[in-house]
Trainee: 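What follows is a structure written as structure tokens; I'll ask about it next.
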There are 2 protein chains.
Amino acid sequence: MRADELNRVRKLSQQFAYTSIQMHETVARTAGLSGTDHKYLGFFLEKGRLTAGELSSLTGLTTGAVTGLIDRFEKKNLVKRRFAEDDRRKVIIEPDTSAIMALLEPLYKDFRNKSAQLFASFSDEEIQTIETYFLKAIEIMKETSSTLNAK
Amino acid sequence: MRADELNRVRKLSQQFAYTSIQMHETVARTAGLSGTDHKYLGFFLEKGRLTAGELSSLTGLTTGAVTGLIDRFEKKNLVKRRFAEDDRRKVIIEPDTSAIMALLEPLYKDFRNKSAQLFASFSDEEIQTIETYFLKAIEIMKETSSTLNAK
DNA sequence: CTAAATATCTTAGCAACAAAGATAAATGAG
DNA sequence: CTCATTTATCTTTGTTGCTAAGATATTTAG
């Protein structure tokens, strides 16, 4: 029955999300970071340098919490603080990308290889299907979040 | 180029996981729960009644933390404590499934509908592809976690 | 029947957070 | 130009939820 199959894949998508979180936390712990620190450290790899204020609005943390976050990263030599030249109130946080990579890369290496292999095992059309699913599912989740946030 | 496409879908899978976490946290906050409490509350919907010890090993929390977790749930009338008849040291935690559903259901309703619609929009073969991807990706993530946990 | 093991709870200490206020720098009204 | 306001970050205080260690109650084993 088709409905059963839809239900099964729905559960799998839940489980996928849940397992990602678990792995993420395991990686974090192995790297000597808390789960949230690991999450936010990824922002630097994606976005490069950020100001404390930008990080605060990106993370949804208060500015005070961001100060602590940066302190912990700085203590581990993963980022450096620097005042902006154009506006000396601003604190620019400069990630040491190679240090961050050196910390995380080895932990993800195995995962990355296997993932690449998995994706390579699908045909172009299949990849297209998976991509479409992800795009639309992400859209739905974002809609749900913003609807709830509006309440 | 094929490599670009593989890279794109890889990034999307990351983003999918990240967006799931965000939505999960938003739902939690809207329901007046912390992110972790929401996560663990889901265990009761899945597994039904559990003992405190089972919950501790499922969650990886210490027994002390589980005591606090149950206290918070009990205060919100989402679960009840009861001593096991066969072994009176054990505390059976009986979830009030309808109370939990009443709390979470409305928040997920929109998401559930849209997800069902999304899945329904794929052909049987496409569903099969997505399912295969999930199954194998979950497998890979679990392997990665257990490899790291062994260190 | 007592010792050890088991299941949960309690206590003490710690880490990370929010909220509010302090500090320092930039902007704008007159 | 100057002083009040705004902006960006940091500091302080109190709360929450965690771990680790130990207390309590019950079961199991010798």
Side-chain angles (χ1 to χ4, degrees), chain A residues 21-22 24-26 28-44 47 49-76 78-95 149, chain B residues 21-22 24-26 28-44 47 49-76 78-95 149:
Chain A
I21 299 173
Q22 293 292 91
H24 200 271
E25 280 176 6
T26 303
R29 201 165 23 71
T30 310
L33 299 169
S34 78
T36 61
D37 281 11
H38 177 208
K39 180 166 128 195
Y40 299 142
L41 191 56
F43 285 16
F44 286 109
K47 314 251 177 185
R49 70 191 61 170
L50 293 167
T51 67
E54 284 167 350
L55 194 56
S56 166
S57 58
L58 268 174
T59 58
L61 297 177
T62 58
T63 60
V66 166
T67 299
L69 184 68
I70 300 168
D71 286 348
R72 294 191 295 277
F73 287 154
E74 202 171 35
K75 196 173 287 178
K76 295 195 161 83
L78 299 173
V79 305
K80 271 189 186 156
R81 273 187 174 90
R82 204 186 69 202
F83 286 104
E85 283 166 25
D86 61 324
D87 182 344
R88 295 173 44 76
R89 293 167 306 178
K90 286 187 184 171
V91 169
I92 293 183
I93 306 146
E94 185 90 47
N149 276 326
Chain B
I21 300 174
Q22 292 292 92
H24 200 272
E25 281 177 4
T26 303
R29 201 167 24 71
T30 310
L33 299 169
S34 79
T36 60
D37 281 10
H38 178 207
K39 179 166 128 196
Y40 300 140
L41 191 55
F43 286 16
F44 286 109
K47 314 250 178 186
R49 69 190 63 170
L50 294 167
T51 68
E54 284 166 349
L55 194 56
S56 167
S57 58
L58 268 174
T59 58
L61 296 177
T62 58
T63 60
V66 166
T67 300
L69 184 67
I70 299 167
D71 286 347
R72 294 192 294 278
F73 286 153
E74 201 171 36
K75 196 175 287 180
K76 294 196 164 81
L78 299 173
V79 306
K80 269 188 189 158
R81 273 188 173 90
R82 205 186 69 203
F83 286 105
E85 282 166 26
D86 61 323
D87 182 344
R88 295 174 44 75
R89 294 168 305 177
K90 287 188 185 170
V91 169
I92 293 184
I93 305 146
E94 184 91 46
N149 276 325

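Proteins come first, then strands; the chains are lettered A, B, ... in the order of their sequence lines, and each starts at number 1.
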Trainee: Measure the distance from CG on Leu61(B) to P on dT16(D) and round it to the nearest whole Å.
Mentor: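 It is 18 Å, rounded to the nearest whole Å.
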Trainee: State whether the side chain of Thr51(A) and the backbone N or O of Ile92(A) hold a donor-acceptor pair below 3.5 Å, judged by distance alone.
Mentor: no
Trainee: Considering just the side-chain nitrogens and oxygens of Arg72(A), establish if one lies under 4.0 Å of OP1 or OP2 belonging to dC17(C).
Mentor: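 Looking at the OP1 and OP2 atoms of dC17(C), one of them is under 4.0 Å from a side-chain N or O of Arg72(A).
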Trainee: Within the structure shown, what part of the strands sits under 4.0 Å from Ala65(B) by heavy-atom distance: base, sugar-phosphate, or nothing?
Mentor: base
Trainee: Mind checking Thr51(A) for me? I need base, sugar-phosphate or nothing, with any heavy atom below 4.0 Å counting as a touch.
Mentor: sugar-phosphate
Trainee: Contact class for Thr36(A) (heavy atom, under 4.0 Å): base, sugar-phosphate, or nothing?
Mentor: sugar-phosphate
Trainee: Return the value, rounded to whole Å, for the distance between atom CG of Asp87(B) and atom P of dT6(C).
Mentor: 12 Å
Trainee: In terms of the nearest nucleotide of DNA chain C, which residue is placed more toward the 5' end: Gly53(B) or Asp37(A)?
Mentor: Gly53(B)
Trainee: Is the backbone of Ala52(A) close enough, under 3.5 Å, to the side chain of Ser56(A) for a donor and an acceptor to pair up by distance?
Mentor: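 Here the side-chain-to-backbone pair does not exist.
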Trainee: Taking the side chain of Thr67(B) as its heavy atoms from C-beta onward, which of dT19(D), dA7(C), dC9(C) lies nearest to it?
Mentor: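 Minimum distance to the Thr67(B) side chain belongs to dC9(C).
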Trainee: Taking the inter-plane angle between the rings of His38(A) and His24(A) on a 0 to 90° scale, is it parallel (under 30°), tilted (30 to 60°) or perpendicular (over 60°)?
Mentor: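 Correct class here is parallel.
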Trainee: Testing Lys80(A), Arg81(A), Arg82(A) for salt bridge (charged side-chain N to carboxylate O under 4.0 Å, His left out) with Glu94(A), which one passes?
Mentor: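 Result: among Lys80(A), Arg81(A), Arg82(A), Arg82(A) is the only option passing the salt bridge (charged side-chain N to carboxylate O under 4.0 Å, His left out) with Glu94(A).
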Trainee: Is Arg88(A) close enough to dA24(C) that one of its side-chain N or O atoms is under 4.0 Å from OP1 or OP2 there?
Mentor: no
Trainee: Mapping Arg89(A) and Val66(A) onto DNA chain C by nearest heavy atom, which one lands closer to the 5' end?
Mentor: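 Between the two, 5'-proximity favours Val66(A).
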Trainee: With the side chain of Thr63(A) defined as its heavy atoms from C-beta on, choose the nearest nucleotide among dA24(C), dC10(D), dC17(C).
Mentor: dC10(D)
